[in-house]
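First listed ligand is number 1; within each ligand, the first listed atom is number 1. Counting from 1, the numbers follow the sequence of the chain as shown.
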Amino acid sequence: MKNLLSIRMRASQKVKTRNVRSTEIHISGAEGLYKKSEIHKIVKNYIERALHHPKGMPDTVVVTIEDIRQNPLTISALPVATINNNSPTEAENSIIRTLQSLGISKKAIQKAFALIKKGGMRGAALITAKNGNRLEPDRERGIRVSRLGMNKPALKVLSAKLSRHGINTDTVKEAIILASKVTSCKDVIAELCVSDDPDYTTGYVASKIFGYVRIPDIKPKGSKNGGRAFFVREGADTEYIIDYLERRPVIVGKVALCKGIMSLDEILNRSYQ
Ligand code: WAQ
Ligand code: MG
C-alpha cells in the first residue's frame, strides 16, 4: 500500500498545580495509517472521540496529518482469545503466570503493575524483562506507538471473525493492530495493557508466543488508571525499539485465528493456535 498518511490525534487538558506551573492531563489519543481519500472521515471520527471521552472535556486537541515516505512493512495479526477470568485478583494471577512463562521476572512484572495502577501516562513504559529497568527517555510521556494500520481486506476478515464472539468494536480492533505491531518488534517479548477508560475493564497480555490474550475484569469498574508496558529483552538496543514502534510504518495485512473464551491452561499449552 503506497501513498499512506499518518493521522494522529491527541487531546489534553491543562490543570493548575500548586506551584504555578500548569501540567497537562492526557485525555485521549488515536493514530493510524490511512489513504488520502479517508482523511475527512478519520479526522471527523478522531475529533468526535476527543470531544466525547469519559475522562472529560479537553481544552486542546491536536490533529497531525503527515505524508509517510517509507514503504510500510506488512505483518500478520496475532491470534485472539479471551480467558475465563472473573476478578481483578484472578486477572493479576493469570497475567503473572503468562508473563513468567515468557521468561519475564517477577521484578519486571511488579514494576509494570505499579506503573499501570498509578496511571497518567500518554504512552507505554519500556521495561527490561529481567532486571525491570525502565528504558524510555521521557517517563511522563512513555513511548507512543504510531504509524500503524490494517488494510481493508484484512479489516473485513477481522471484523467478521470478531463479530462471531460479539467483540467487533473499534477499541478491540485498534488494540489488536497495536499489539501486533508491538510484538512484531524483535526485541519485544510481551505487552500488558489496561485501558484508562473508567468503564472499560477488559485488558490484555500480548506476545508472539501466546497471541493476543484478552483479560476481562482486569481492573475494578470506575478506575481511571491504566497504561501499557512493553517488556523487552535485557540488553536490547533501546533506540532501535523506539524508532520501530514510533516511526516505522507497519500495516497488518493478514488475520489469524480468533477464538472465544478459553481457560488460561489451554492458552499456555498453545493447543488452540
Ligand atoms: N502507544 C503507546 N501507548 C499507548 C498508545 C499508543 N499508541 N495508546 C494508548 N497508550 C497507553 C496510554 O498510557 C493509555 O493511558 C493506555 O495505553 C490505555 O489506552 O480486547 O482502550 O486507549 O477488549 O485507554 C484494550 C482492548 C483497550 C481490550 C485498550 O487503551 C479488548 C484501550 P486506551
Ligand atoms: Mg483511553
Side-chain angles (χ1 to χ4, degrees), residues 6-13 24-33 46 49-50 52-56 64 77-83 85 91 95 112 115-127 134-136 138-149 158-159 161-163 165-183 185 188 191-206 211-219 223-232 241-242 244-248 250 258-262:
S6 162
I7 309 181
R8 302 192 288 276
M9 177 281 286
R10 177 158 75 85
S12 59
Q13 195 179 54
E24 249 184 27
I25 294 184
H26 168 70
I27 303 249
S28 73
E31 47 270 295
L33 290 174
Y46 281 4
R49 282 198 218 185
H52 299 103
H53 197 277
K55 275 176 88 180
T64 309
L78 292 172
V80 179
T82 302
I83 61 164
N85 173 61
I95 294 165
L115 266 167
I116 289 175
K117 279 179 189 157
K118 188 162 153 255
M121 279 175 80
R122 172 147 70 91
L126 277 188
I127 300 176
R134 295 275 298 275
L135 297 180
E136 71 278 14
D138 181 344
R139 291 188 180 189
E140 297 277 305
R141 174 183 179 273
I143 304 303
R144 188 87 197 174
V145 184
S146 197
R147 302 189 176 192
L148 71 173
L158 182 65
S159 298
K161 288 191 177 191
L162 295 177
S163 289
H165 304 292
I167 51 169
N168 182 28
T169 65
D170 285 346
T171 305
V172 174
K173 284 184 281 197
E174 285 177 9
I176 294 171
I177 296 168
L178 188 142
S180 300
K181 177 175 180 184
V182 170
T183 53
C185 177
V188 176
E191 173 189 357
L192 171 62
C193 168
V194 180
S195 173
D196 55 12
D197 181 331
D199 299 322
Y200 205 94
T201 56
T202 302
Y204 66 83
V205 178
Y212 179 91
V213 179
R214 303 179 66 245
I215 305 177
D217 299 307
I218 201 165
K219 69 168 182 183
S223 160
K224 279 189 188 173
N225 297 342
R228 280 180 157 95
F230 304 155
F231 298 95
V232 305
I241 298 173
I242 296 176
Y244 183 88
L245 297 176
E246 294 196 330
R247 285 177 286 278
R248 182 77 175 89
V250 169
C258 295
K259 302 288 275 191
I261 296 170
M262 307 181 70

(request) For ligand 1, indicate whether the residue I143 contacts it via side chain, backbone, both or neither (heavy-atom separation under 4.0 Å). (result) backbone

(request) Determine whether any heavy atom of T82 lies closer than 4.0 Å to an atom of ligand 1. (result) no

(message) For atom 12 (C) of ligand 1, tell me which residue out of R141, R122, K181, R147 has the closest non-hydrogen atom.
(response) R122

(request) Measure the distances from the heavy atoms of G29 to every atom of ligand 1 and state whether one is below 4.0 angstrom. (result) no

(message) Just to be sure I read this right, does ligand 1 sit under 4.0 Å from the backbone of S28, its side chain, both, or neither, counting only heavy atoms?
(response) neither

(request) Give the atoms of ligand 1, by number and element, whose distance to some non-hydrogen atom of V172 is under 4.0 Å. (result) 20 (O), 23 (O), 31 (C)

(message) Please report whether ligand 1 has a polar contact with M121, defined as an N or O pair separated by less than 3.5 Å (distance criterion only).
(response) yes

(message) With a 4.5 Å cut-off on side-chain heavy atoms, are P216 and T82 touching?
(response) yes

(message) Using a strict threshold of under 4.0 Å (side-chain N to carboxylate O), is an ion pair present between E246 and R141?
(response) yes

(request) State plainly whether the residues K55 and D197 are in salt-bridge range, i.e. N to O under 4.0 Å. (result) no

(message) Test of understanding: given a 4.0 Å heavy-atom threshold, classify the contact between R214 and ligand 1 as side chain, backbone, both, or neither.
(response) side chain

(request) Go through the structure and list residues passing salt bridge (charged side-chain N to carboxylate O under 4.0 Å, His left out) with R248, not counting sequence neighbours. (result) none

(message) Regarding E191 and R228, does a basic nitrogen lie under 4.0 Å from an acidic carboxylate oxygen?
(response) yes

(request) Kindly write out the residues that satisfy salt bridge (charged side-chain N to carboxylate O under 4.0 Å, His left out) with R49, not counting sequence neighbours, or none if the list is empty. (result) E174

(message) Using a strict threshold of under 4.0 Å (side-chain N to carboxylate O), is an ion pair present between R144 and E31?
(response) yes

(request) Could you see which bit of V194 sits under 4.0 Å from ligand 1, with heavy atoms only: side chain, backbone, both or neither? (result) backbone

(message) Pairs of nitrogen or oxygen atoms closer than 3.5 Å, one from T202 and one from ligand 1: do any exist?
(response) no

(request) Identify which of G226, P198, S195, G123 has a heavy atom lying nearest to atom 21 (O) of ligand 1. (result) S195

